[in-house]
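The model shown is predicted, which means the values in this text are computed figures rather than measured ones. Chain identifiers are assigned alphabetically (A, B, ...) following the order of the sequence lines, protein sequences preceding nucleic acid strands; residue numbering begins at 1 within each chain.
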Amino acid sequence: MPTDWAVVYRETYSDLVRFLHRKVWDIDRAQDLAQEVFVRALDVDAENPRAWLFTVANNLARDEARAAVRRKKHLVLLKGEAEARAAGHADPHAESVEERERTDAVKRALETLSDTDRTVLLLWDAGLNYGEIAEQSGLKKGAIGTTLSRARRRLVEAYERLEGGHVARG
Amino acid sequence: MWHVDEGTMNAYLDGELGDRGAGSGERGAAERGAGSGERGAETVWEVETHLASCAECRALLERVKRVRDRAGEILASSSPDDVVAPPFEEIQARAEARSTGSRVLQLSRIKRLAWAATVVLAVAVGWYARGTVFPTRTEQVSAPLAASELEESAQSQEPGAGSGEQIAASGEPGADSREQGAGSGERGAEQAEEGAATVVAAELDRAVAPADRDVAGRGAAAQTQTPAEAPSTEVGAAAPPQAKAEPDAEVKLRQEVVDVSAQRRRSDAGDRLAAAAAPQAVVQQVAADEPGVPVGGIAVGEALMFEDSLWIAASEDEAQDALGGDVPVIPDLPVIDYWTAPLHGGEMVRVRQRLDEENVLELIVSRVVSDVRAAVALRGIAAEPAENEAQIAAKGSLEAVAIRRGDLRVVLRGPVSTDSLRVLGEKVR
């Protein structure tokens with residue numbers, strides 16, 4: 001039976017954007033990428049549509065991250081580091097300094113996780129079940145609980161450490 | 001006594017443990033906690049039964065739950081607010097547009113292939129004719145035929161061709177036959193074939209621009225002689241009056257044709273094709289449009305042409321020779337290498353410069369008079385609007401911009417944004 005992408009779109013779009021946002025840390029770009037994933041999906045009849053979507057999203061986010069690194073590198077080269085830094089922090093969606101700092105702390109806390117732990121955690125947070133996460137990450141389904149447990153604990157520890165450091169500095 | 005491990009606790013809290021007897025539990029006992037005093041529970045029922053009798057595991061459950069909830073809060077604090085999905089129809093429209101674009105691109109490729117096939121055919125004919133036409137005319141001169149026969153032959157081959165063929169008929173017998181390696185004894189057997197080849201040559205000349213045809217036609221005659229080998233009296237004996245009346249012009253023409261021949265020999269097959277297969281008017285028209293081309297992105301066709309061009313590694317000196325002057329580069333970026341490729345009316349040069357350890361920037365430089373856009377048109381590649389840069393990017397993940405430096409056109413390509421390329425372009429010297 002062909003995939004009803006309209007239904008999948010309604011049910012999955014926001015999860016996909018959330019997942020991508022934590023990969024690229026730019027909500028506009030995350031939405032662009034999510035839409036790109038669905039544009040590509042329309043030509044596909046996937047056995048597990050959600051798993052397919054997150055696989056493609058993960059790949060796109062990875063490519064995006066590489067491209068962003070290149071762009072940033074050369075913008076720094078061409079326009080001066082200070083200017084580029086200012087541009088890099090200009091996030092119109094961060095309404096306050098506090099929110100921006102919180103987002104930054106989450107980002108840095110996630111960066112302390114291993115790739116596998118981070119991917120499993122973000123896929124769970126995006127709404128995938130253990131079976132889908134296993135398919136996506138290449139882990140055994142029986143290992144997902146343990147991996148999630150470790151990822152959660154490390155995220156909390158890293159975040160508390162960063163927050164504590166921030167409070168101590170402040 | 002066995003205990004429930006953290007992984008199972010997480011699976012239990014996440015609702016990922018199977019119900020009693022469902023057989024869909026997350027993991028078998030053997031998989032988990034081996035040697036740690038922990039034991040796996042395969043079902044919600046097993047976990048709950050154990051928790052009811054184990055205070056230690058209940059405490060662990062509380063800790064795991066706190067961490068799990070806190071991790072959820074942390075992630076939620078960075079979640080984007082109010083994500084609104086655009087209508088699904090928008091996604092469908094984008095997919096449809098892309099599919100159409102892909103078909104157009106495919107069609108464009110088919111057209112390119114058709115052009116390429118035409119080009120190959122024309123090159124083959126041109127090559128054959130080039131090797132045949134001049135010897136044919138020469139042999140007409142060298143063969144021991146009566147002057148009247150020669151004149152008649154020349155007239156029949158290209159009526160109204162002017163003095164060129166007639167002068168050819170007046171050349172000194174044997175003078176060029178040595179050069180061409182065609183003995184006069186072979187003449188009779190090859191007469192019919194040569195006649196046909198001459199007609200082909202005439203057709204080819206007509207395909208070439210008229211000015212070029214004149215020079216080539218007259219040049220074919222002049223090529224058969226050197227001043228020492230063609231005394232004026234012999235010319236006079238066989239040549240029609242107008243040829244006899246213009247000996248200086250003949251020498252001049254001879255020089256012209258030597259130049260043309262040398263130039264033709266230097267050209268590669270693709271270049272000859274461009275000259276032979278494309279009407280000169282088209283070239284001029286495209287070239288005339290060129291001054292209006294703004295600094296900006298490059299056309300898809302141009303990008304494809306770069307991909308298809310026959311690039312040959314060159315030294316800096318060779319690159320300078322190809323361009324007829326200094327090759328512009330971006331100061332402070334190390335030059336990796338130089339390449340040249342034929343382009344209608346000349347050559348283009350590609351310089352690769354290192355941006356950093358991973359990335360390389362390309363500068364493709366051509367004279368405006370031999371602009372790549374003319375070549376694009378000649379090769380039949382549609383010069384599509386530059387705004388379709390996505391297709392170019394898809395070709396090689398390269399952005400590209402074109403700039404002008406004097407009478408040079410420089411296309412910069414590299415794995416950086418067009419903004420960066422433009423800034424780099426300003427540095428080109």
A.B. asks: Let me know if A/Trp124 has heavy atoms under 4.5 Å from chain B in its side chain, its backbone, both or neither.
C.D. replies: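 Only the side chain of A/Trp124 comes within 4.5 Å of chain B.
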A.B. asks: Among the options B/Glu73, B/Met9, B/Arg70, pick out the one with the most heavy-atom pairs lying under 4.5 Å from chain A.
C.D. replies: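 Between B/Glu73, B/Met9, B/Arg70, the count favours B/Arg70.
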A.B. asks: Against chain A, work out which of B/Ala95, B/Ala85, B/Ala93 has the most heavy-atom pairs shorter than 4.5 Å and name it.
C.D. replies: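 Between B/Ala95, B/Ala85, B/Ala93, the count favours B/Ala85.
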A.B. asks: Name the region of B/Gln92, side chain, backbone, both or neither, that has any atom closer than 4.5 Å to a heavy atom of chain A.
C.D. replies: both
A.B. asks: For B/Pro80 versus A/Ile27, what's the shortest heavy-atom pair and its separation?
C.D. replies: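 Residues B/Pro80 and A/Ile27, closest heavy atoms: CB-CD1, 3.2 Å.
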A.B. asks: Enter the distance from B/Ser77:OG to A/Tyr159:OH here, rounded to the nearest 0.5 Å.
C.D. replies: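 One finds 4.5 Å between OG of B/Ser77 and OH of A/Tyr159.
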A.B. asks: Considering residues, nucleotides and ligands other than A/Glu111, do more than 12 of their heavy atoms fall under 6.0 Å from its CD?
C.D. replies: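 More than 12 heavy atoms, drawn from other residues, nucleotides or ligands, come within 6.0 Å of this atom.
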A.B. asks: One pair to check against side chain to side chain contact (heavy atoms under 4.5 Å, CB included): A/Leu121 and B/Leu75. What are the steps and the verdict?
C.D. replies: CA-CA 10 Å; A/Leu121 181 61; B/Leu75 289 174; 4.0 Å; yes
A.B. asks: Looking only at atom types and distance, does a side-chain atom of B/Arg68 sit under 3.5 Å from a main-chain N or O of A/Leu148, one as donor and one as acceptor?
C.D. replies: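 Checked: no pair found.
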A.B. asks: Going by heavy atoms in the side chains, are B/Pro87 and A/Tyr9 under 4.5 Å from each other?
C.D. replies: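 No, their side chains stay 4.5 Å or more apart.
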A.B. asks: Answer with side chain, backbone, both or neither: which region of A/Phe38 has an atom nearer than 4.5 Å to a non-hydrogen atom of chain B?
C.D. replies: both
A.B. asks: What verdict does the side chain to side chain contact (heavy atoms under 4.5 Å, CB included) test give for A/Lys107 and B/Ser78, after you've listed the backbone C-alpha separation in whole Å, the side-chain angles of each residue and the deciding distance to 0.1 Å?
C.D. replies: CA-CA 8 Å; A/Lys107 181 182 174 185; B/Ser78 68; over 6 Å; no
A.B. asks: How long is the straight-line distance from CD1 of B/Ile74 back to CZ of A/Arg152, given to the nearest 0.5 Å?
C.D. replies: 12.0 Å
A.B. asks: Just checking B/Asp332: does its CG atom have more than 12 heavy atoms from other residues, nucleotides or ligands closer to it than 6.0 angstrom?
C.D. replies: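 At most 12 heavy atoms, drawn from other residues, nucleotides or ligands, come within 6.0 Å of this atom.
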A.B. asks: With side chain to side chain contact (heavy atoms under 4.5 Å, CB included) as the test, would you mind laying out the steps for B/Phe88 and A/Tyr13 before giving the verdict?
C.D. replies: CA-CA 10 Å; B/Phe88 185 63; A/Tyr13 180 80; over 6 Å; no
A.B. asks: Is it the backbone or the side chain of A/Asn129 that comes under 4.5 Å from a heavy atom of chain B, or both, or neither?
C.D. replies: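 For A/Asn129, heavy atoms of backbone and side chain both lie under 4.5 Å from chain B.
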A.B. asks: Less than 4.5 Å to any heavy atom of chain B: does that hold for the side chain of A/Arg102, its backbone, both, or neither?
C.D. replies: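 Just its side chain gets close to chain B.
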A.B. asks: Let me know which of A/Arg18, A/Gln31, A/His21 forms a side-chain contact (heavy atoms from CB on, under 4.5 Å) with B/Val83.
C.D. replies: A/Gln31
A.B. asks: Could you report the tightest heavy-atom contact between A/Val156 and B/Ala71, atom names first, then the distance?
C.D. replies: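 That would be CG2-N, 3.6 Å.
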A.B. asks: Below 4.0 angstrom, N of the basic side chain to O of the carboxylate: do A/Arg150 and B/Glu6 qualify?
C.D. replies: no
